[in-house]
Amino acid sequence: MKIWVVAERSKDGELRRVSLEAAAKAAELGQTEVLEAHGSGAARTSTTAFANALAERAKDAPPELILIGATPAGRDLGARLAAKLGRPYLSECADIRVDGGKLVATRAMYAGKVRASVSVPLPAVATVRAGIAAAADSEPALVPVDVGWDAGLEFVRFEETKSSGTRVPLGEARVVVSAGRGLKGPENWKIVEELADVLGAAIGASRAVTDAGWRPNEEQVGQTGKTVTPDLYIALGISGAIQHLAGMSGSKVIVAVNKDPDADLLKIADYAVVADLFEFVPAFTEELRKVMKQA
Ligand code: FAD
């Protein structure tokens, strides 16, 4: 089966992890081409222009399946491309398989309380969430697709993009230190930042924290936030509600620190630390600093 994966790069030029994971999944399912759209000026960021270029390419030798990472741009592109090609579209798939000429996908519904199995006939377009497969260590061979521009395409123009900081972006990070309401207030985030600095980690948060305005929304991990699949996820003072687990349970190693031994996150953690985080975290950070210095 012929599959296209449309790859996406982060602002610093790295292929996004979710694109690498989509490519690994595609390789399990069939014969894969990983495409990268190239345009200049406005065509560099226009999903309308990308969709046009990819639909044009599909005319000659259409693939049976097109996979795209479920990033904001990827979801936008997937919907446009499916509409242009007149194909069914499944968004935000947590798992996919091909069965009897159909694409069968698992998708979260009702804020993660239900996992639905849905199917559409092939050929189809789908966006896939982080964690769909283990990303290969090496980059796949990329096939460039030239994207042209026409002033009539300018429905949305990117005026400016702002970065919220210098840390590694949450969705790309190998290590994430995430914190919840157990931190008691935004003034206590220094201990989270110190631990993240020692580990070169991104910072995440539970929704209780972002809803309270203690941390920016883009740090929220979970069903209605970001899905992360780092090598190491450290959760500090997070209870482990199902909506939070939906965004991080694909992490390779999970460390949870909670003073309540019955907290749900401790039950799925590889390393469950029952402790007061205000005592544990500074001491742990100090020990890590010593170990890192010796290394
Ligand atoms: P709490 O549940 O209040 O847990 C705080 C934890 O800190 C407790 O386990 C406590 O024992 C521990 N603690 C307290 N003090 C200390 C201390 N000194 N030392 C150590 N531990 C301590 N949530 C998300 O995170 N992401 C989502 O995307 C998301 N989407 C949602 C979508 C919907 C539709 C709904 C209804 C809810 C969603 N939620 C989401 C909210 C979710 O249900 C929980 O309310 C939320 O995750 C709880 O955040 P928390 O664990 O920080 O807070």
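All figures in this text were calculated on a predicted structure; none of them were measured in a lab. Counting from 1, the numbers follow the sequence of the chain as shown. Note that ligands are numbered from 1 as they come in the structure, with each ligand's atoms numbered from 1 the same way.
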Heavy-atom proximity to atom 13 (N) of ligand 1 ranks first, among A241, G182, A212, A246, for G182

Between K2 and E64 (salt bridge meaning N to carboxylate O under 4.0 Å), is one present in this structure?
no

Less than 4.0 Å between a side-chain N and a carboxylate O, is that true for K252 and D231?
yes

Side chain or backbone, does G240 bring an N or O within less than 3.5 Å of an N or O on ligand 1?
no

Using a strict cut-off of 4.0 Å, indicate which atoms of ligand 1 neighbour a heavy atom of F278.
18 (N)

A275 neighbourhood, listing ligand 1 atoms whose heavy-atom distance to it stays under 4.0 Å
19 (N), 20 (C)

Considering only heavy atoms of G225, which atoms of ligand 1 have at least one such atom less than 4.0 Å away?
28 (O)

Under 3.5 Å between any N/O of V221 and any N/O of ligand 1: does that happen in this structure?
yes

Residue pair R16 / T71, side-chain donor-acceptor N/O under 3.5 Å:
no

All heavy atoms of V176 vs all of P230, minimum pair found to be CG2-CG, 3.8 Å

Can you check whether M1 reaches L122 side chain to side chain, under 4.5 Å on heavy atoms?
yes

Taking only heavy atoms of Q220, which atoms of ligand 1 are found under 4.0 Å from at least one of them?
26 (N), 27 (C), 28 (O), 29 (C)

Salt-bridged, K190 to E194, with N to O below 4.0 Å?
yes

Side chain, backbone, both or neither: which applies to S239 and ligand 1 if a contact is any heavy-atom pair less than 4.0 Å apart?
both

Should D264 and K267 count as an ion pair when the cut-off is N to O under 4.0 Å?
yes

Closest to atom 50 (P) of ligand 1 (heavy atoms only, candidates S206, A179, G247) is S206

N/O donor-acceptor pair under 3.5 Å between T106 side chain and S117 backbone:
no

Who gets closest to atom 16 (C) of ligand 1 by heavy atom: K259, H244, K226?
K259

Please work out, at 4.0 Å between heavy atoms, whether the side chain, the backbone, both, or neither of A205 comes within that distance of ligand 1.
neither

Of the listed options N258, D260, T224, T227, closest to atom 9 (O) of ligand 1 (non-hydrogen atoms):
N258

Heavy-atom distance to atom 33 (C) of ligand 1: which of R207, M248, Q223 wins?
R207

Which of the listed options, G237, S178, G204, G180, holds the heavy atom that is closest to atom 6 (C) of ligand 1?
G237

Any carboxylate oxygen within less than 4.0 angstrom of a Lys/Arg side-chain nitrogen, looking at E92 and R107?
no

